[in-house]
Asks: 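Sharing a structure here in structure tokens format.
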Amino acid sequence: MSDSAVSPAPVASDFIRDLIADDLAAGRNEGWVITRFPPEPNGYLHIGHAKSICLNFGLALEHGPKARCHLRFDDTNPTKEETEYVDSIQEDVRWLGFDWGDHLYYASDYFEKLYGFAEQLIGKGLAYVDEQSAEAIRANRGTLTTPGVNSPFRDRSVEESLALFRKMRAGEVAEGVMILRAKIDMASPNMNMRDPVLYRVLKAAHHRTGDAWCLYPMYDYAHPLSDALEGITHSLCTLEFEHHRPLYEWLIQNVEGLPGQPYQREFARLSLTYTVMSKRKLLRLVKEGHVQGWDDPRMPTISGLRRRGYTPASIRHFCRMIGLTKFNSLTDVAVLEHAVREDLNANALRALVVLKPLKVVIENYPEDQVEFIEAVNNPENEAAGTRQMPLCREIYIDQDDFMEVPPSGYHRLKPGGEVRLRYGFCIRCQEVVKDASGQVVEVRCTYDEATRHGVQPEGRPKVKGIIHWVSARHAVPVAVRLYDRLFTEEQPEVAAGEDGDFVTLINPGSLTNVEGAMAEPALAEAVVGGHYQFERLGYFYVDPKDSHPGKPVFNRTVGLKDSWAKVVAKQQGTKG
RNA sequence: UACUCCGUGGUGUAAUGGUAACACAGCUGAUUUUGGUUCAGCUAUUCUAGGUUCGAGUCCUAGCGGGGUAGCCA
């Protein structure tokens, strides 16, 4: 599909872009715009991260050549981070079409410099080593409505704090015994300013620095300083960091020798209907086996969406459509589905596949005859060409395309009725064959030679129904998985309530393994990663994990819009 | 009963003191060898109350509603 690199297409303005325009107009940062995408490598990226990626990397593209976006791993907590995640994050960002060039960084690269800055702060009397227990610190922090109280260690000498801090680094202090705190204001209405923790002892191996350190900086400390060290101009994060901003600015102001003066602005994170987005909840879905992994096609992860058949262009388009504000909104997943349909409609090759085969015998068609019918590969793109599909006396149609007693408005095959075979001629149902249980097992039809493809006999009423089919003798069996929304509720967490559990709201029909689907023969050759539109059914993607040469497995990315299904649903609704 | 951010159609966004617009969703109709696509159209909006102003979605005040915040997580 349109997986090509991102073009710096015009993007609608938003409050962040307005801010940057103001900075540029005021001549700040010598006209540079340097952003960063700073994930912690503790999980897989999801569609919410894509919003941030498109923002930060998009900004760099829009403001080139004096602009760039860094990829920085915020790896300050060795107990949660793994190389596996570092790799998957890079893969996902690249897949989305973005490039950080030489600007791949790790907060852990700055551990030494960060340590030096901490000694500087201690020297200035702006940080101290606290020996209170974690419980005491919590108790003395106060509450949202009451101020905290100063630590008894708050006014210890600079020399003493420095000596203790060096012991912490040297590994002479056990975990939880001492921490380094900024000396700000224990009565601040902003909890983040009540002498926030800057460093803690963690005797854990780090995925990059190994055992070199047992003293690790906190996010609040490492983040602004890392930004400054890299020359970041605009540090963009989500709303929950809003009240970390004063601390961010405090550090930028009070640490001397920083090469840059970044500032932080916050935007609303993405929420989508019918899914959950927090890493903790996604992890639970994986761990408890509700899905088959981080890249299960039902997951809102980048890897899940990729396996589902979403294209990078469709995700970028989606991110452009949803905008950027500070409002905690809930985006309808239909917007995402629309984005991928738009891309796939223009680019996916068409194919005929029968999900639930029903045998049709064309009685007046010669037993030993085979003909080839020309079918267009993509009506939206003539350059995609055509292909030849075999047709013979026995074909399969979908069970959904035949009804003995159809509702009004039904255009498909029914006793005595006529439909057109897609790209082929019209057939009329003459007889229905049933098994002992009354189940229709075969439909016997006759075809009308005068209705061949492209031929419209004078005065003949137009057949309304056009159905897909495959030649019984030539069709190939394929594995098909139909995916639907993971949850039955728009907002699973909200619907579950305080005492409830969101996993109980998992859609039991979120995955349907279709047995016995039959495809036109060309699909046996479908290559991994290919996108198809199965006509009248939806868009399908050749699963990269489970497909084998000659034995493709198709994942349904999204169904086609189905206005008939709506009519049926409405009829059933009015009937009660 | 703290601080802080945010309230524009059903949903998401735009309008930078001057005709409230776009997209998604929904609904009509036309076209169509995909009940797809495309095209045309319809429905529907500024949280409330004051104030400033010739003029307020936008500025001010108050209220109401929602989010966030008391990790040695990020």
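Sequence lines set the chain letters: A, B, ... in the order given, protein chains first and strands last, and positions in each chain run from 1. All figures in this text were calculated on a predicted structure; none of them were measured in a lab.
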Asks: Under 4.0 angstrom, heavy atoms only, what part of the nucleic acid is A/Ser563 near: base, sugar-phosphate, or nothing?
Replies: sugar-phosphate
Asks: Between A/Arg350 and A/Glu520, is there a salt bridge with N-O shorter than 4.0 Å?
Replies: no
Asks: If we take the P atom in both B/C59 and B/C5, what is their distance in whole Å?
Replies: 14 Å
Asks: Please determine if a side-chain N or O atom of A/Ser188 lies less than 4.0 Å away from the OP1 or OP2 oxygen of B/C3.
Replies: no
Asks: When we call it a touch if two heavy atoms are under 4.0 Å apart, what does A/Lys462 touch: a base, just sugar-phosphate, or nothing?
Replies: sugar-phosphate
Asks: How about A/His244 and A/Tyr248: are their ring centroids closer than 6.0 Å?
Replies: no
Asks: Considering only the P atoms, how many Å lie between B/A49 and B/U58, rounded to the nearest integer?
Replies: 13 Å
Asks: Using the P atoms only, state how far B/U1 lies from B/U11, rounded to an integer number of Å.
Replies: 34 Å
Asks: Using a 4.0 Å heavy-atom cut-off across all strands, classify A/Asp220 as base, sugar-phosphate, or nothing.
Replies: nothing
Asks: Once the angle between the rings of A/Tyr541 and A/His531 is folded into 0 to 90°, is it parallel (under 30°), tilted (30 to 60°) or perpendicular (over 60°)?
Replies: tilted
Asks: Take atom P in B/U43 and the same atom in B/G55, then report the distance between them in whole Å.
Replies: 31 Å
Asks: Between the base of B/U34 and the side chain of A/Gln533, is there a donor-acceptor distance below 3.5 Å?
Replies: yes
Asks: Using a distance-only criterion (donor-acceptor N/O pair, under 3.5 Å, no hydrogens), is the base of B/G68 paired with the side chain of A/Glu266?
Replies: no
Asks: Under 4.0 angstrom, heavy atoms only, what part of the nucleic acid is A/Ile137 near: base, sugar-phosphate, or nothing?
Replies: base
Asks: Flag the pair A/Arg208 and A/Glu81 as a salt bridge only when some basic side-chain nitrogen lies within less than 4.0 angstrom of an acidic carboxylate oxygen.
Replies: no
Asks: What nucleic acid atoms does A/Gln132 come within less than 4.0 Å of, heavy atoms only: base, sugar-phosphate, or nothing?
Replies: base
Asks: Start at the 5' end of RNA chain B and walk down; is the nucleotide closest to A/Thr331 or to A/Arg420 reached first?
Replies: A/Thr331
Asks: Tell me if the side-chain of A/Arg350 makes a donor-acceptor pair with the base of B/U34, cut-off 3.5 Å, by modelled atom types.
Replies: yes
Asks: Measure up the A/His46 and A/His49 rings against each other and bin them: parallel (under 30°), tilted (30 to 60°), perpendicular (over 60°).
Replies: tilted
Asks: Where the side chain of A/Thr325 is defined as all heavy atoms beyond and including C-beta, which of B/U69, B/U13, B/U16 is the nearest nucleotide?
Replies: B/U13
Asks: Is the distance between the ring centroids of A/Phe165 and A/Tyr199 under 6.0 Å?
Replies: yes
Asks: If you look at every strand shown and take non-hydrogen atoms under 4.0 Å, does A/Arg422 touch a base, only sugar-phosphate, or nothing?
Replies: base
Asks: Which whole number of Å gives the distance between the C1' atom of B/U46 and that of B/A20?
Replies: 8 Å
Asks: Could you list, one pair per line, each protein nitrogen or oxygen that sits under 3.5 Å from a nitrogen or oxygen of nucleotides 18-21 of chain B, together with the distance?
Replies:
none

Asks: Can you tell me, in whole Å, how much space there is between the C1' of B/C47 and that of B/U38?
Replies: 39 Å
Asks: As an exercise, state the distance from CD1 of A/Ile179 to CD1 of A/Ile137, rounded to the nearest 0.5 Å.
Replies: 3.5 Å
Asks: Looking at every strand, decide which applies to A/His338 at a 4.0 Å heavy-atom threshold: base, sugar-phosphate, or nothing.
Replies: sugar-phosphate
Asks: Considering only side-chain heavy atoms of A/Tyr410, which listed nucleotide, B/U11, B/G26, B/G35, is closest?
Replies: B/G35
Asks: Centroid separation under 6.0 Å, is that true for the rings of A/Phe534 and A/Phe554?
Replies: yes
Asks: Using the six-membered ring for Trp and the full ring for Phe, Tyr or His, decide whether A/His411 stacks on the six-membered base ring of B/G35 (centres under 5.5 Å, planes under 30°).
Replies: yes
Asks: Aromatic ring centroids of A/Tyr447 and A/Phe425 under 6.0 Å?
Replies: yes
Asks: Using heavy-atom distances to pick each residue's nearest nucleotide on RNA chain B, tell me which of A/Pro189 and A/Val567 is more 5'.
Replies: A/Pro189
Asks: Is there a donor and acceptor pair, one atom on the side chain of A/Arg341 and one on the base of B/G36, closer than 3.5 Å?
Replies: no
Asks: For B/C72 and A/Arg141 - does any side-chain N or O of the residue sit under 4.0 Å from the phosphate oxygens OP1/OP2?
Replies: yes
Asks: Using the rule for Phe, Tyr, His and the six-membered ring of Trp, do A/Trp564 and B/G35 stack at under 5.5 Å and under 30°?
Replies: yes
Asks: Can you tell me the distance, in whole Å, between the CG atom of A/Asp195 and the C1' atom of B/C72?
Replies: 14 Å
Asks: What's the gap between B/C22 and B/U45 when it is taken at their C1' atoms, as a whole Å value?
Replies: 13 Å
Asks: Among the candidates B/G36, B/A70, B/U8, find the nucleotide nearest to the side-chain atoms of A/Phe327.
Replies: B/U8
Asks: Would you indicate what A/Lys566 reaches in the nucleic acid, counting non-hydrogen atoms under 4.0 angstrom: base, sugar-phosphate, or nothing?
Replies: sugar-phosphate
Asks: Taking atom P in both B/G67 and B/U8, what distance in whole Å separates the two?
Replies: 14 Å
Asks: Taking pairing as Watson-Crick or G-U wobble with both contacts under 3.5 Å, can you name the mate of B/C64, or confirm there isn't one?
Replies: B/G7
Asks: Contact class for A/Thr79 vs. all strands (heavy atom < 4.0 Å): base, sugar-phosphate, or nothing?
Replies: nothing
